[in-house]
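Letters A, B, ... are given to chains in the order of the sequence lines, protein chains preceding strands, and every chain is numbered from 1. Hydrogens, waters and symmetry mates are skipped; everything else that's a heavy atom, side chains included, is used.
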There are 2 protein chains.
Amino acid sequence: MNQTAEQSIVSGVLEAIAEHRLKAGVKLGEQDLCEIYHCNRAHVRRALATLEAQKVVKLEPNRGAFIATPTPDEARNVFQARRAIERVIAENVLRKASADDIARLRDHVEQEQQARQSSERRNAIRLSGRFHLILGEMCGNEVLDEFLNELVMRSSLIISMYSASQAPLCGDEEHELIVDAIAAGDETALLERIEHHLHHLERSIAIETDNTSPNLKDILQPPSG
Amino acid sequence: MNQTAEQSIVSGVLEAIAEHRLKAGVKLGEQDLCEIYHCNRAHVRRALATLEAQKVVKLEPNRGAFIATPTPDEARNVFQARRAIERVIAENVLRKASADDIARLRDHVEQEQQARQSSERRNAIRLSGRFHLILGEMCGNEVLDEFLNELVMRSSLIISMYSASQAPLCGDEEHELIVDAIAAGDETALLERIEHHLHHLERSIAIETDNTSPNLKDILQPPSG
DNA sequence: CTACACAATATTGTTAACAATCACAAGTCT
DNA sequence: AGACTTGTGATTGTTAACAATATTGTGTAG
């Protein structure tokens, strides 16, 4: 119950972020988490420290823990880092993917399409991110895999912040094209498609760059004055 | 004194690792850290959690905190990740380096050479790692910079584990060649030199790959039988 | 009616005491 | 002598109480 408590909190929060149930800025009260996970504050605090280290939670002194609110700059940096990391991951996967691996990828892509067609939006979002994590698992480099995990989480936050709630998440067939390139052993096509896919994902969300007004006046000012 | 306490512990431990004062496997007792940094166990615990998240400290339940002991596999993974990250960092730096930046790099390289010539080994080690961190600061991408920080720390541990204590750390002039390529705006040369430098660093330490015997018998068996 | 000051409440930060576990050493038995 | 058991001390894990701070609500003056 010891490690389990902390890990339950961490993985619970991360899953909630991945499924866009937890949105940026939401407060994570210690008492609330204590009751939800039936543990004491020490465990909650440790879990929050771990989440802070992964940059998905911001700890403000004497105020509490909040889901991180990535800035536009941070968003761009995250996506650039993803392109760098996923490029190497793809190279590794291409080199060492077995027939089973490719079958697993194809199976996952099919699940994604079914979730989309069934309009299980929450599940579709989760599976869409999971595709990249599967590549991370397959690449044979735990360090890269851990980095990717963090980046995908942060991406999920960014998407939930900046993208329209009804916008299509991913090009449906882009993941499939990536698997095709892996199956064909075509490194040039693979790298190009990874790059294109991430650029497309980044551009599909409108990252406002000029959010220099930290006050709510411009947003919530009543129209009548 | 609050945030300072935890950050003092974290940065203190990281600096000690960077200078090879703290070696892999050393125990970090809570009581010891409390006395050294004049704080209570809660702060120490939080600092250790942060260090664990950065993979430089391993927390073993009911046993305590220990400086991480990277395996050969992990070592290779760290270096592969470094090549991927530092490649992008170098591209960014090349694109946006100012004259001041280049001057700063040249100044640093000169400090490195002086430290080496003065045989201030500890300082030379620290500066050698710091060169890469300066590139990270200059690249304009905090995400990449944070990843690099973690990787350089882990590399420092790896080097202190696997390299002979008297071995030359880095080729003296490799950093200088990198700065030259940046100053000349030569991307091809820059990327090649970064790649070469990291490969050279990795190969300069003898990472044993066949440590498949988990018992000490083969190693510590008295010769007389 | 607005703005400011003050009080009440809730939340986080800190500390200390207690419990559980582990490492080491002494002792016992074969 | 060697291996096993037991007991002691030290270290980590857990919990609760207390202090400090922020937030919210209330009341009063302008």
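With hydrogens and angles ignored, no donor-acceptor pair closer than 3.5 Å exists between the side chain of R46(A) and the base of dG13(D).
With rounding to whole Å, D32(A) atom CG is found 10 Å from dT11(C) atom C1'. For the pair Q31(A) CD and dG13(C) C1', the interatomic distance rounds to 14 Å; values are reported in whole Å. In this structure, CZ of F66(A) is placed 10 Å from C1' of dT11(C), rounded to the nearest angstrom. E60(A) places its CD atom 13 Å from the C1' atom of dT12(C), with the value rounded to the nearest Å. Here dC22(C) presents its C1' atom at 14 Å from CD of E30(B), a figure rounded to the nearest Å. Taking atom CZ on R41(A) and atom P on dG13(C), their separation rounds to 8 Å, with Å as the unit.
In this structure, H175(A) and F131(A) have parallel ring planes: the angle between them is below the 30° cut-off, well short of the 60° mark.
When the side-chain nitrogen and oxygen atoms of R45(B) are compared with OP1 and OP2 of dG13(D), one or more of them lie within a distance under 4.0 Å. Listed pair R63(B) / dA23(C) meets the phosphate criterion, a side-chain N or O lying under 4.0 Å from OP1 or OP2. An OP1 or OP2 oxygen of dT12(D) is reached within less than 4.0 angstrom by a side-chain nitrogen or oxygen of K27(B).
Interatomic distance, L48(A) CG to I9(A) CD1, rounded to the nearest 0.5 Å: 7.0 Å.
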Tabulate protein N/O versus nucleotide N/O from nucleotides 19-21 of chain C, keeping only pairs under 3.5 Å, one per line.
| from | atom 1 | to | atom 2 | distance (Å) |
| --- | --- | --- | --- | --- |
| dT21(C) | O3' | N62(B) | ND2 | 3.4 |

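Listed by chain and residue number, nothing satisfies the side chain to side chain donor-acceptor pair (under 3.5 Å) test with Q54(A) (two or more places apart in sequence, or in another chain).
By the 4.0 Å N-to-carboxylate-O rule, R83(A) lies close enough to E202(A) to be salt-bridged with it.
With hydrogens and angles ignored, the 3.5 Å screen pairs a side-chain donor or acceptor of S156(B) with a backbone N or O of I17(B). In this structure, the side chain of D107(B) does not engage the main chain of A103(B) through any donor-acceptor pair within 3.5 Å.
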